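Report on one structure; see the data block that follows.
Nothing here was measured: the structure is a model prediction, and the numbers come from that model. When a ligand or atom number is given, it counts from 1 through the structure's own listing order. Side chains are part of it too, since the values below use all heavy atoms of this structure and drop only hydrogens, waters and symmetry mates.
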Amino acid sequence: MASPITKLEYRILGQTGLQLSFVGFGASPLGRVFGPVSEDDGIASVREAFRLGINFFDTSPFYGGTLSEKVLGKGLKALGVPRNEYIVSTKCGRYVEGFDFSAERVTRSIDESLARLQLDYVDILHCHDIEFGSLDQIVSETIPALQKLKEAGKTRFIGITGLPLDIFTYVLDRVPPGTIDVILSYCHYSINDSTLEDLLPYLKSKGVGIISASPLAMGLLTESGPPEWHPASSELKSACQSAASYCKEKGKNISKLAMQYSLLNKDISTVLVGMNSIKQVEENVRAATELFAIGVDSETLAEVEAILKPVKNLTWPSGVQKS
Ligand code: NAD
């Protein structure tokens with residue numbers, strides 16, 4: 001029988017003072033990024049997450065062409081609790097129509113997002129996948145525009161997101177200290193790729209809060225496997241599938257192991273996992289709380305790491321290719 005779900009851990013996000021549940025709710029599945037999800041299931045997932053102690057919710061106007069923000073907004077409203085009991089991040093600069101990191105677009109973007117989310121402010125506004133824009137524009141135009149939005153009270157904190165890790169050092173080395181509060185990295189702190197680890201001392205020295213997303217490597221580390229659009233090589237996909245099958249044969253669950261692996265590093269304030277059902281919320285929260293009660297299954301983890309060794313830290317290209 002499954003153990004009862006106990007309390008989640010909360011961690012401080014850099015110098016923001018925000019205390020985030022160490023499991024965060026990734027709302028891209030609510031935009032049907034990973035397949036069909038009804039609005040009712042989306043709202044129910046948000047409510048169950050909050051009920052079990054998750055207080056951090058992440059979305060973007062890009063996910064499902066604004067659908068994720070709309071469903072998350074409805075889910076948060078249905079909580080019926082004071083606004084300061086949950087923490088919301090959304091993003092700007094990436095849309096289904098394409099990328100636009102201009103000051104004009106991101107300034108308009110936050111008002112559109114707030115309307116869809118039915119909120120007066122977000123806690124974090126991220127520049128979304130900055131490797132697809134000009135990093136110099138991010139430094140000289142986008143971030144100053146976001147600072148004005150911060151002064152206007154539309155966002156409390158500013159963040160940047162993307163896949164390649166060197167985008168973070170490029171930007172953080174070029175903005176005044178304290179300008180960027182948070183970074184969101186994805187697919188770089190999971191069993192198959194832990195390259196974010198090397199950057200943690202630098203990020204801490206800059207005083208930025210660290211959010212790690214996609215502990216299941218966007219579906220690679222699940223029994224059902226990744227969506228059609230997943231950008232990984234077939235070599236990486238098939239190694240992850242072998243690891244998932246191995247766990248299943250042994251009566252173990254690769255997603256649980258992957259969640260626990262990502263949650264172990266306390267320098268990472270929160271791990272954002274995309275969830276589309278009450279069942280997934282409960283499984284992921286249970287994986288997190290069992291870390292305290294039981295600890296990680298180190299034998300199976302070592303076996304999975306051995307299966308994934310040939311593909312360890314393999315990633316894929318993202319962004320505007322430099323000539
Ligand atoms: P993920 O690694 O969290 O995997 C999500 C997939 O795993 C979905 O299909 C989900 O339904 C499934 N899943 C979740 N729990 C499961 C369980 N217990 N068992 C089996 N399957 C399970 O990838 P993600 O959703 O891309 O990342 C999490 C969140 O982080 C996103 O929703 C988004 O909010 C954020 N994110 C941001 C960026 C960015 O800013 N560039 C990039 C990636 C992710």
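- A continuous path of Ile, Leu, Val, Met, Phe, Trp and Tyr side chains, each step under 4.5 Å between heavy atoms, connects L119 with F25, placing both in one hydrophobic cluster.
- Protein heavy atom nearest atom 37 (C) of ligand 1, with residue, atom name and distance: Y63 OH, 3.1 Å.
- Both the backbone and the side chain of S214 come within 4.0 Å of ligand 1, judged by heavy-atom distances.
- Counting heavy atoms under 4.0 Å from ligand 1, residue N284 touches it through the side chain alone.
- Heavy-atom proximity to N276, at under 4.0 Å, picks out these atoms of ligand 1: 11 (O).
- A cation-pi arrangement is not found for R32 relative to F34, the charged atom failing to lie both closer than 6.0 Å to the ring centre and inside a 45° cone about the ring normal.
- Listed by number with element, the atoms of ligand 1 under 4.0 angstrom from any heavy atom of A27 are 32 (O), 34 (O).
- Counted by atom type alone, D193 and T195 present one or more donor-acceptor pairs between their side chains at under 3.5 Å.
- Here is the list of ligand 1 atoms found below 4.0 Å of a heavy atom in G26: 29 (C), 31 (C), 32 (O), 34 (O).
- Scanning the protein heavy atoms around atom 11 (O) of ligand 1, the nearest turns out to be Q280 OE1, 2.8 Å.
- If you check the side chains of H128 and T161, you find no donor sitting under 3.5 Å from an acceptor.
- Which parts of ligand 1 touch G219 is read off a 4.0 Å heavy-atom cut-off, strictly below it: atoms 4 (O).
- Taking the six-membered ring wherever Trp is involved, the centroid distance between the rings of Y261 and Y189 falls below 6.0 Å.
- Which parts of ligand 1 touch D58 is read off a 4.0 Å heavy-atom cut-off, strictly below it: atoms 33 (C), 34 (O), 35 (C).
- Of all the heavy atoms of S28, the ones lying under 4.0 Å from any atom of ligand 1 are found in both the backbone and the side chain.
- S194 and K312 are linked by a side-chain donor-acceptor pair at a separation below 3.5 angstrom, with hydrogens and angles left out of the test.
- Counting atoms of ligand 1 from 1 in the listed order, those under 4.0 Å from a heavy atom of E283 are 17 (C), 18 (N), 19 (N).
- Interface of D129 with ligand 1, defined as ligand atoms under 4.0 Å from a residue heavy atom, comprises 39 (C), 41 (N).
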Item to check | Audit row: K154, D120, side-chain contact (heavy atoms from CB on, under 4.5 Å) steps and yes/no | outcome: CA-CA 7 Å; K154 294 183 183 186; D120 297 328; over 6 Å; no
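- For the pair R94 and F62, the cation-pi test (distance below 6.0 Å, angle within 45°) is passed.
- From the protein, the heavy atom lying nearest to atom 20 (C) of ligand 1 is S255 OG, 3.6 Å.
- For the ligand labelled ligand 1, residue F25 lies outside the 4.0 Å heavy-atom shell.
- For an aromatic pair to be called close, the ring centres must be under 6.0 Å apart, and F157 with H126 fails this.
- In this pair, F22 and F292 present their aromatic rings parallel. The plane angle is below 30°, not in the 30 to 60° band.
- Near H128, meaning under 4.0 Å from any of its heavy atoms, are these atoms of ligand 1: 39 (C), 40 (O), 41 (N).
- When non-hydrogen atoms are compared, ligand 1 lies under 4.0 Å from neither the backbone nor the side chain of K256.
- In this structure, R94 has no heavy atom closer than 4.0 Å to ligand 1.
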